[in-house]
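See structure below.
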Amino acid sequence: MDTQETPVISNPQQERDFLKFRLAQAYRIFAKYGYDQGTAGHITVRDPIRKDCFWVNPWGLHFKLIQPEDLLLVDHQGNIQEESGKSRLLNTSAYMIHAAIHEKRPDVNCAAHAHSLYGKTFSTLGIPLDPITQDSCRAIAEALGGCKAAILKNHGLLVATRSIESAVFFFMSLEKCCRVQMLADAGAAARNISRDTTKIDAESARATAAINGSERAGWFSGVVEFQLLQHEEGKKFEIPQGGSGSKL
């Protein structure tokens, strides 16, 4: 299967259409893995035409149901733009968190926050992840070096990257790191092991992050989730002949 999932874009409107299509897919991927919780959680992408605005889900619509035409276009002051979908309900938390990220971090195009089970549970401990797996090495490097990931205390996980695909992948990776950490700690406690879990040394952690923690690596790893979703749904973005937009 071709991993080069991004179509050839010839104008800003086509780029907007593709990003909206991709963002809606990202919400459905989050729903697939159980990262949704009622109306909580949000993923945003910067608009390629109006760069002071971002696309976000309407409040009150389940992640699994979100389609491109449902998305809201919001500026950094929280104003819903005319290009938005019919439902104009905006989650205030989504605006406050994501507007600050998009405004202060021009290098960030996509940000994702959700109250996933293991991320939310681990966040209550108020401690950083240990480098006990290659995935956690990547997540730690992103949080400290590239500022791509954070564990929000008593809240959940947040990632901020250059692409929708990498945001999905790094969020999934961080969620798995939280799960592995808690399972390892619980296993050690159950076996009355007093010493800490075995850590990966700093040099190996940095080497792993350099290979697997880059934006390009995140995009490449995230693309496969979109391939799978497209196979399951039978929907793929297409640029209509002589126009712009997506054909489902």
Side-chain angles (χ1 to χ4, degrees), residues 5 16-47 53-74 78-99 101-102 109-123 149 152 154-161 163-176 178-179 222-237 245-248:
E5 289 292 304
R16 170 186 276 183
D17 291 342
F18 174 70
L19 289 177
K20 290 177 63 180
F21 184 85
R22 206 59 147 177
L23 181 59
Q25 287 183 313
Y27 277 108
R28 300 198 298 275
I29 290 173
F30 268 38
K32 175 182 175 181
Y33 289 109
Y35 299 158
D36 57 306
Q37 181 183 334
T39 60
H42 17 85
I43 314 171
T44 57
V45 67
R46 190 186 303 276
D47 184 59
C53 297
F54 57 87
W55 293 94
V56 67
N57 59 312
W59 199 22
L61 182 61
H62 194 282
F63 282 9
K64 187 66 175 178
L65 302 177
I66 293 177
Q67 298 297 327
E69 60 269 20
D70 298 317
L71 298 170
L72 302 179
L73 184 64
V74 182
N79 300 309
I80 300 174
Q81 307 301 301
E82 286 303 315
E83 297 93 325
S84 299
K86 292 182 179 180
S87 175
R88 300 297 175 92
L89 289 177
L90 174 64
N91 185 331
T92 303
S93 296
Y95 153 66
M96 294 178 65
I97 294 173
H98 291 257
I101 293 173
H102 285 291
N109 288 321
C110 181
H113 166 62
H115 303 172
S116 53
L117 177 62
Y118 296 100
K120 184 170 63 175
T121 303
F122 188 83
S123 74
L152 308 181
N154 296 105
H155 198 167
L157 307 180
L158 173 70
V159 299
T161 65
S163 72
I164 297 172
E165 294 88 351
S166 61
V168 167
F169 174 73
F170 284 128
F171 188 98
M172 293 175 63
S173 180
L174 188 56
E175 169 74 358
K176 289 177 181 178
C178 292
R179 182 179 185 181
V223 160
V224 298
E225 293 295 335
F226 292 85
Q227 292 174 343
L228 178 59
L229 184 72
Q230 289 174 174
H231 172 76
E232 293 171 341
E233 295 183 341
K235 297 180 180 180
K236 187 174 182 179
F237 181 83
S246 59
K247 181 171 68 177
L248 306 182

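Nothing fancy with the numbering, it's 1 onward along the sequence.
- Ring-plane geometry between Phe54 and His98 is classed as tilted, the angle between the planes lying from 30 to 60 degrees on a 0 to 90 degree scale.
- A donor-acceptor distance shorter than 3.5 angstrom exists from the side chain of His113 to the backbone of Leu157, with no hydrogens or angles considered.
- In this structure, Cys53 and Gln81 approach most closely via the heavy-atom pair SG-CG, 4.2 Å.
- Residue Ile29 holds its CD1 atom at 4.0 Å from CZ of Phe226, rounded to the nearest 0.5 Å.
- Ring pair Phe30/Tyr35 is perpendicular by interplanar angle, where above 60° counts as perpendicular and below 30° as parallel.
- Between atom OG1 of residue Thr44 and atom CG of residue Leu72 there is a gap of 12.0 Å, rounded to the nearest 0.5 Å.
- Scanning all heavy atoms of the two residues, the minimum distance from Ala167 to Val159 falls at O-CG2, 3.5 Å.
- Residues Ser84 and Leu73 form a side-chain contact, since some pair of their non-hydrogen atoms from C-beta on lies under 4.5 Å apart.
- Between the CG atom in Leu158 and the CG atom in Leu174 there is a gap of 9.5 Å [rounded to 0.5 Å].
- In this structure, Arg28 CZ and Asp36 CG are separated by 13.5 Å, a value rounded to the nearest 0.5 Å.
- Here the side chain of Arg46 pairs a donor or acceptor atom with the backbone of His102 at under 3.5 angstrom.
- Distance CZ/Phe169 to OG1/Thr161: 11.5 Å, rounded to 0.5 Å.
- Glu83 and Trp55 get closest at one heavy-atom pair: O-CH2, 3.7 Å.
- Of all the heavy atoms in Trp59 and Asn91, the pair that sits closest is NE1-ND2, 3.6 Å.
- The one candidate from Asp70, Val168, Val56 that meets the side-chain contact (heavy atoms from CB on, under 4.5 Å) condition with Tyr27 is Val56.
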### Message
For a side-chain hydrogen bond (donor to acceptor under 3.5 Å, both in side chains) check, start with the C-alpha distance between Tyr33 and Glu175, then their side-chain angles and the critical distance, and finish with the verdict.
### Response
CA-CA 11 Å; Tyr33 289 109; Glu175 169 74 358; over 6 Å; no
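- In this structure the side chain of Val45 never reaches within 4.5 angstrom of the side chain of Arg22, judged on heavy atoms.
- Interatomic distance, Ser87 OG to Glu69 CD, rounded to the nearest 0.5 Å: 12.5 Å.
- Using a 4.5 Å heavy-atom threshold, the side chains of Gln25 and Gln230 count as touching.
- The two residues Ile43 and Cys110 make their nearest non-hydrogen contact at CG2-SG, 3.9 Å.
- Across His42 and Phe63, no two heavy atoms sit closer than the pair N-CZ, 4.2 Å.
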